[in-house]
Amino acid sequence: MLVYQIQKFAYRNKKLTGSVLSATGACLGVWSVAEYMEWKHESSSSALVFPGKDNIGDVGRSCSAERMLPRTYDAKAIQEFWLNRPKTVMRRLNDVTGELLPWCFGLWYDIQMLPAAAQENNRDALLQSYAVRLRKSLTKLGPAFVKLGQQLSIRPDLIPPVFFKELTTLCDSVEPISDEIALQLLQQELDCNSLSDLFEDNVHLVASASLGQVYKATIRNTSEQVAIKVQRPDMVRSISLDLFLLRCIAKGVDQITNLLTNQSPFHENLVDAFAHGSYLELDYENEAKNQLFFRQHLMRKCNVCIPQVYSQYTTRRVLTSEWIDGIRLSDAPNETIARLIPLGVELFLTQLLDLGKFHSDPHFGNLLVTSKGTLCLLDFGLCADIDDQSRMAMTAAIVHLLSGDFEALVSQDAKALGFLPEDLDTNELQPVLQKILTQGLLESGSNLHHRRRKFMDLSNELNEVFFKYPFTVPPYFALITRGLGLLEGIALTGDPSFDIFKASYPYARRRAIEVFGARGLERFRKKHTNK
């Protein structure tokens with residue numbers, strides 16, 4: 001009977017039926033071509049990496065991808081790899097849209113349908129349920145989306161408190177892989193017959209993060225306690241795919257921006273800058289080098305703790321460091337946060353303006369307070385370098401910003417840092433940006449709600465500026481703004497009145513004197529006060 005009804009409907013709606021069948025056939029055809037292309041390239045790649053083996057399995061394919069993909073970020077090589085695997089790309093797009101589109105539509109629909117009389121009572125409960133769903137969706141989608149959630153989780157001024165509290169659990173509470181898989185990988189990476197040859201029989205899981213998980217162990221020969229970070233399997237393949245998709249989206253945005261505005265395209269460069277740092281996070285030997293660099297140079301300048309690295313137990317996918325007893329800075333008493341956050345700001349500015357290499361991922365899980373009350377910095381996978389010329393320009397820009405010299409900030413510093421072309425006449429732009437910077441930053445104070453309202457009031461003017469003038473965001477600035485935003489967000493959780501400009505001033509002034517001299521700094525001040 002049901003078959004007859006379907007046949008009857010199809011006969012009466014021949015055009016609709018034909019369209020549906022044509023669309024279905026086209027989709028199946030595209031999918032078949034994609035599957036054949038991927039099978040062909042996977043087979044040829046496996047034959048090169050594993051000659052003489054017909055069936056290498058999932059583990060073999062993972063190893064094949066890791067050997068074929070570049071060790072450092074190379075957009076062209078990654079693009080070439082994934083364009084030859086269209087089936088996997090389409091599946092990933094389907095996963096992302098399948099997770100996030102229903103969440104976005106559901107949240108919008110439920111808020112719109114919520115009766116006005118019940119909004120006050122039910123809104124928080126509704127947002128809480130969607131915050132939990134978002135955390136689970138981001139976790140399910142993998143490391144790239146977990147890191148997106150981590151960035152949101154340290155900005156209480158940008159998201160509702162319910163989402164802020166829920167997303168903070170993404171920092172450490174990611175579902176771990178089984179100990180059997182992780183310890184087998186650890187044994188393989190350290191090239192030993194048994195882990196008991198190197199460590200005592202007390203190796204146990206203490207934390208799980210987006211890229212790997214951390215075990216606490218004791219070295220058998222020395223009885224030293226260490227933290228062993230073991231990378232999750234197949235990370236190179238999955239991270240490179242997400243970065244490839246993000247870069248494709250950024251290219252599309254740049255094309256639209258270039259067509260509709262005078263703004264120079266920069267989104268692709270921003271993604272490349274972020275991708276370069278994120279991709280390097282997969283190389284734990286590079287992270288060990290960063291950690292040793294900061295331990296050698298930063299500990300001499302600031303009162304900070306940075307764990308020692310055990311190079312003999314470190315590989316590309318395993319990092320072994322000194323174990324540090326302490327609590328997360330965000331869990332410390334408010335008076336401890338108030339005492340240590342100015343040091344955190346000084347740490348960041350020292351890295352940015354003095355060392356030329358900076359830690360750009362200071363989230364909740366990476367800043368500890370040791371048992372001695374010292375600030376401890378962890379996780380050096382995401383770092384970036386700043387050249388001498390840019391450091392000089394940034395030092396001058398900070399001095400001009402803090403002294404209120406917006407003319408020099410726009411006409412000199414914005415050009416020196418690469419935000420504006422050298423030949424641009426800034427006479428028309430200067431008063432507009434002066435108003436935005438004065439009202440949006442300096443006069444908005446430290447009250448979050450007042451600051452947010454100020455930026456909302458000025459958002460239209462700011463958009464007009466970016467549409468009208470050829471602004472370009474330098475690639476490294478993506479990581480700088482991320483690092484400062486993360487640090488300010490942590491500070492605001494312990495001290496709602498925190499003002500990052502006031503916290504930055506003491507070190508910025510000292511550094512400016514070192515760079516320009518006391519007389520040079522006085523000329524900056526006189527130039528502004530004599531206007």
Side-chain angles (χ1 to χ4, degrees), residues 59 62 66 95 99 131-154 164-190 195 199 202-218 225-239 242 278-284 287-288 291 307 309-310 313-331 361-368 376-382 486 490:
V59 175
S62 173
E66 185 165 324
D95 290 341
E99 280 291 329
V132 173
R133 284 179 55 186
L134 178 61
R135 174 180 57 79
K136 292 181 178 178
S137 293
L138 294 177
T139 302
K140 185 177 180 180
L141 287 173
F145 292 89
V146 168
K147 289 191 172 296
L148 174 63
Q150 287 176 344
Q151 291 185 50
L152 293 174
S153 73
I154 43 72
F164 162 73
K165 292 178 181 178
E166 189 64 34
L167 292 181
T168 55
T169 61
L170 280 169
C171 292
D172 293 309
S173 300
V174 179
E175 184 177 351
I177 59 175
S178 69
D179 287 343
E180 180 181 0
I181 295 176
L183 296 180
Q184 182 181 358
L185 189 151
L186 175 60
Q187 181 177 326
Q188 176 185 340
E189 288 290 311
L190 297 183
L195 289 179
F199 308 104
N202 61 349
V203 180
H204 61 280
L205 181 68
V206 293
S208 178
S210 55
L211 298 181
Q213 49 199 51
V214 180
Y215 288 83
K216 184 178 181 181
T218 304
Q225 291 186 329
V226 293
I228 306 174
K229 183 159 68 170
V230 182
Q231 191 174 117
R232 294 169 177 266
D234 211 19
M235 281 293 95
V236 173
R237 184 181 176 95
S238 61
I239 291 291
D242 284 341
S278 299
Y279 201 77
L280 272 181
E281 284 192 87
L282 302 173
D283 188 347
Y284 286 176
E287 180 176 346
Q291 190 166 326
V309 174
Y310 292 81
Y313 305 124
T314 297
T315 70
R316 183 181 180 183
R317 295 195 290 175
V318 172
L319 174 61
T320 304
S321 304
E322 171 189 3
W323 178 263
I324 301 293
D325 285 314
I327 61 172
R328 297 199 305 184
L329 177 60
S330 58
D331 296 332
D361 192 22
H363 65 70
F364 289 119
N366 294 341
L367 289 170
L368 300 182
C376 178
L377 192 58
L378 304 175
D379 194 356
F380 296 85
L382 186 59
L486 292 170
I490 292 175

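Because the structure is a prediction, the values reported are computed rather than measured.
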Open item on the list: Quick check: closest heavy atoms across Leu319 and Tyr284, and the distance to 0.1 Å?
Closed with: N-CD1, 3.7 Å

Task: Heavy-atom pair with the smallest gap, counting every atom of Ala227 and Trp323 - done: CB-CE3, 3.7 Å

Task: Inter-residue atom distance Ile228.CD1 - Glu189.CD, 0.5 Å rounding - done: 12.5 Å

Task: Point-to-point distance, once rounded to the nearest 0.5 Å, from CG of Leu190 to OG1 of Thr314 - done: 8.5 Å

Open item on the list: Looking at every non-hydrogen atom in both residues, tell me the closest pair between Met235 and Pro143 and how far apart they are.
Closed with: SD-CG, 3.5 Å

Open item on the list: With a 4.5 Å cut-off on side-chain heavy atoms, are Arg317 and Gln188 touching?
Closed with: yes

Open item on the list: Minimum heavy-atom separation for Ala182 and Gln213, please, with both atom names.
Closed with: CB-NE2, 3.7 Å

Open item on the list: Do the side chains of Asp95 and Lys140 get close enough for a salt bridge, i.e. N-O under 4.0 angstrom?
Closed with: no

- [ ] Specify the closest pair of heavy atoms between Ala217 and Phe199, including all atoms of both residues, with the distance to one decimal.
- [x] CB-CD2, 4.1 Å

TODO: For residues Ile177 and Val230, determine if any side-chain heavy atom of one lies less than 4.5 Å from a side-chain heavy atom of the other.
DONE: no

Task: Approximate separation, where rounding is to 0.5 Å, of Leu377 CG and Ile324 CD1 - done: 11.5 Å

Open item on the list: When you measure from the side chain of Thr320 to the backbone of Tyr313, do you find a donor-acceptor pair of N or O atoms at a distance under 3.5 Å?
Closed with: yes

Task: Inter-residue atom distance Arg232.CZ - Leu185.CG, 0.5 Å rounding - done: 12.0 Å

Task: Side chain proximity check, Ile239 to Leu211, heavy atoms < 4.5 angstrom - done: yes

Task: Whether Gln231 side chain and Leu282 backbone form a donor-acceptor pair below 3.5 Å - done: yes

Task: Nearest-0.5 Å distance that lies between atom CD in Glu281 and atom CG in Asp283 - done: 11.0 Å

